[in-house]
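One structure is given here, and the rest of the page talks about it.
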Amino acid sequence: MTTQQGLLIVGEDLCEQLVGRQQAFEAIQSVFGAMASGGGRNFPVVREALGYADALYGFKSGFDRDGQVLGVKSGGYWPGNAAQGLTNHQSTVFLFDPDTGRLSALVGGNYLTALRTAASSAVSIAHLARKDAKVLGMVGAGHQSTFQLRAAAEQRDFEKVVAWNPHPDMLPRLATVAEEIGLEFEAVSQQELGAQADVIITITSAFEPLLMKDWIKPGTHLACMGTDTKGKMEVDPDLVAATTVFTDEIAQSVTIGETQHAVASGALTETAITPIGAVINGDHPGRRNADEITLFDGTGVGLQDLAVASVAARRAAETGKAQRASL
Ligand code: NAD
C-alpha cells in the first residue's frame, strides 16, 4: 500500500463507504487489547490554543507494534466553521510505514472520530454491561450521540431508549434514530433516566455533574465519553468513586478524563482503575456480579484514530477506490 504504489488519499466520503460499525468495533477492541499488553502505545498529546480563529489545534499519535500501525491525527476545533457550513471539529490522519517512516496514507478523520468513539463505548458495553440489559440511557444529543446510540444498540437486546439533554430541543435526533432501529424512545428527567437505564452513555461537553450517585441503580454500566479535557465533568465524582472503573488509558483518564476529579480529591486511587484491554485480553474478569456498577471512562486516544484510519486505508487499497499521489 506504500512506496511503489504511492500515497493513498482516502477522503471523508470514502471513509463512510468503506468503514462500518462492525469493522470499527473490531479495530478498537483489538487496539485496546494491544495497549494493555504493551504492544501499542500512545505518545503525549499536543493541544494548543492557536490564538487565531478561536481555534484549538493539536496532535494525537502512537504506534501499534502488534497491528503495525504508526501515525498521527492532526486537527482540532474551529468554532466559526458551522457558520461557513463546515464541521467545527476537523481532523486528518497521517499514516506512516513503520519500517521506513514514509507517509503511506492521508485519511479524513471527521467521520472516523465519531465512529471510533462510538466503537469505544460499544466495546465497553460488550465486555462490562449485564447481559440482560434492556434499557439504554442517553445523556447528550449532539453530533456524537447518534453514532453512540447506533453502536450501543447492537451490543445488547435493548428494548427502549431513555434520554436527557441539557438542551431538550436537540433530543428529536435521538428519537429519530431510536425509531429507525426499532427501539421505544422516551425523553425523561435525569433522575428517571438513572432509575430506568441498565446502560448509560454520557456524551456532552459538561463541566458540572449531570448524573448523581443516588440516581443510579445497582448493576448499571456507565460509559462516560464526553470528558476529554481538564475541567470537564459529566458525572458526580462520588458516583465515579463508588463504581468499578475501567478506561481506555489510565494516564489520560486521571488527567483529562472523567476520573480526574475523583482522583484529585483522593476519593479514587489510580491503582483502582483497570484498562479495558485487560478485560479484552482475559487478564481481568470485568464485571464480577449483577449488582456491581461499572464505569468506562472513554477519553479518546490516538491509537483509536490510527486503528480505524488503517482499516479505511486498507479497504481503499483493496477496493482500488482511493486516489493515489506520489511524494
Ligand atoms: P456537540 O457540540 O455536537 O454536542 C454537545 C453536547 O453537549 C450536546 O448534548 C449539548 O446539549 C451538550 N452541552 C453543550 N454545552 C453544555 C454544557 N455547558 N453543559 C452540559 N452539556 C452541554 O458535541 P459532540 O461532537 O456531540 O461531542 C460531545 C462531547 O464529546 C464533547 O465534549 C467532545 O469533546 C466529546 N468527545 C469525546 C471523544 C472521546 O473520544 N472521548 C470523542 C469526540 C468527542
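Only a predicted model underlies this, so the values are computations on that prediction, with no experimental measurement involved. As the structure lists them, so they are numbered: ligands from 1, and atoms in each ligand from 1.
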Could you tell me whether the side chain of Pro237 reaches within less than 4.5 Å of the side chain of Met233, counting heavy atoms only?
yes
Under-4.0 Å heavy-atom contact with ligand 1, by part of Pro166 that carries it
side chain
Which pair of heavy atoms, one from Gly286 and one from Leu128, lies closest together, and at what distance?
CA-CD2, 3.8 Å
Consider every N or O of Leu210 and every N or O of ligand 1, then say whether any pair is closer than 3.5 Å.
no
With no hydrogens and no angle check, do the side chains of His89 and Thr113 hold a donor and an acceptor under 3.5 Å apart?
no
Which heavy atom of the protein is the closest neighbour of atom 19 (N) of ligand 1, given with residue, atom name and distance?
Ala206 CA, 3.5 Å
Using a 3.5 Å cut-off on N or O atoms only, is Met170 in polar contact with ligand 1?
no
In terms of its nearest heavy atom to atom 35 (C) of ligand 1, the top option of Ala223, Ser145, Gly298, Gly226 is Gly226
Return a yes/no value for Met225: is any of its N or O atoms, backbone included, closer than 3.5 angstrom to an N or O of ligand 1?
yes
Do Met212 and Asp238 come close enough that some side-chain heavy atom pair is under 4.5 Å?
no
Is it the side chain (CB and beyond), the backbone, both or neither of Asn165 that lies under 4.0 Å from ligand 1, heavy atoms counted?
side chain
Just to confirm my output: which protein heavy-atom neighbour is closest to atom 42 (C) of ligand 1, and how far is it?
Thr117 OG1, 3.2 Å
Qualifying residue for salt bridge (Lys or Arg N to Asp or Glu O under 4.0 Å) with Asp198, from Lys217, Arg130, Lys134, Lys131
Lys217
Any nitrogen or oxygen of Ser205, side chain or backbone, less than 3.5 Å from one on ligand 1?
yes
Just need the protein heavy atom nearest to atom 4 (O) of ligand 1, so name the residue and atom and give the distance.
Gly142 CA, 3.3 Å
Are the ring centres of Phe246 and His127 closer than 6.0 Å?
no
Pair Lys232 + Glu258: basic N to acidic O under 4.0 Å:
no
As an exercise, identify every atom of ligand 1 less than 4.0 angstrom from a heavy atom of Gly140.
9 (O)
Side-chain touch Val279/Pro285, heavy atoms, less than 4.5 angstrom:
no
Beyond-backbone contact of Gln17 with Arg315, side-chain heavy atoms, under 4.5 angstrom
no
Side chain to side chain contact (heavy atoms under 4.5 Å, CB included) evaluation trace for Val139 with Ile203
CA-CA 6 Å; Val139 176; Ile203 184 74; over 6 Å; no
Looking only at protein heavy atoms, which one is nearest to atom 28 (C) of ligand 1, and how far off is it?
Ile203 O, 3.8 Å
Please indicate whether any nitrogen or oxygen in His89 is less than 3.5 Å from any nitrogen or oxygen in ligand 1.
no
Can you list the ligand 1 atoms lying under 4.0 Å from a non-hydrogen atom of Ala141?
9 (O)
As a test of understanding, state which of Val69, Leu70, Leu306 forms a side chain to side chain contact (heavy atoms under 4.5 Å, CB included) with Phe96.
Leu70
Identify the heavy atoms of Gln148 and Ser121 that sit nearest to each other, and give their distance.
OE1-OG, 2.5 Å
Can you establish whether the number of heavy atoms outside Asp13 located under 6.0 Å from its atom CG is more than 12?
no
Proximity to ligand 1 by part of Thr299, non-hydrogen separation under 4.0 Å:
backbone
Using a 4.0 Å heavy-atom threshold (strictly under), name the region of Glu208 that reaches ligand 1: side chain, backbone, both or neither.
neither
If we count only non-hydrogen protein atoms and require a distance under 4.0 Å, does atom 2 (O) of ligand 1 qualify as touching the protein?
no
Nearest non-hydrogen protein atom to atom 14 (C) of ligand 1, with distance, is His167 CE1, 3.6 Å
Side chains of Ile293 and Ile216: closer than 4.5 Å at any heavy-atom pair?
yes
With the threshold set at under 4.0 angstrom, would you say Arg116 reaches ligand 1 through any of its heavy atoms?
yes
Find all atoms of ligand 1 within a distance of less than 4.0 Å from any non-hydrogen atom belonging to Lys232, and give their numbers and elements.
31 (C), 32 (O), 33 (C), 34 (O)
For ligand 1, which atoms sit closer than 4.0 Å to a heavy atom of Asp228?
33 (C), 34 (O), 35 (C), 36 (N), 37 (C), 38 (C)
Residue part near ligand 1, for Gln144, under 4.0 Å between non-hydrogen atoms:
both
Is it true that Glu234 lies under 4.0 Å from ligand 1, counting heavy atoms only?
no
Heavy-atom contacts with Thr204 under 4.0 Å: which atoms of ligand 1 show up? List them by number with element.
6 (C), 7 (O), 12 (C), 21 (N), 29 (C), 31 (C), 32 (O)
Identify the closest protein heavy atom to atom 23 (O) of ligand 1: which residue and atom is it, and at what distance?
His143 N, 4.4 Å
Heavy-atom neighbours of Glu179 CD exceed 12 at 6.0 Å:
no
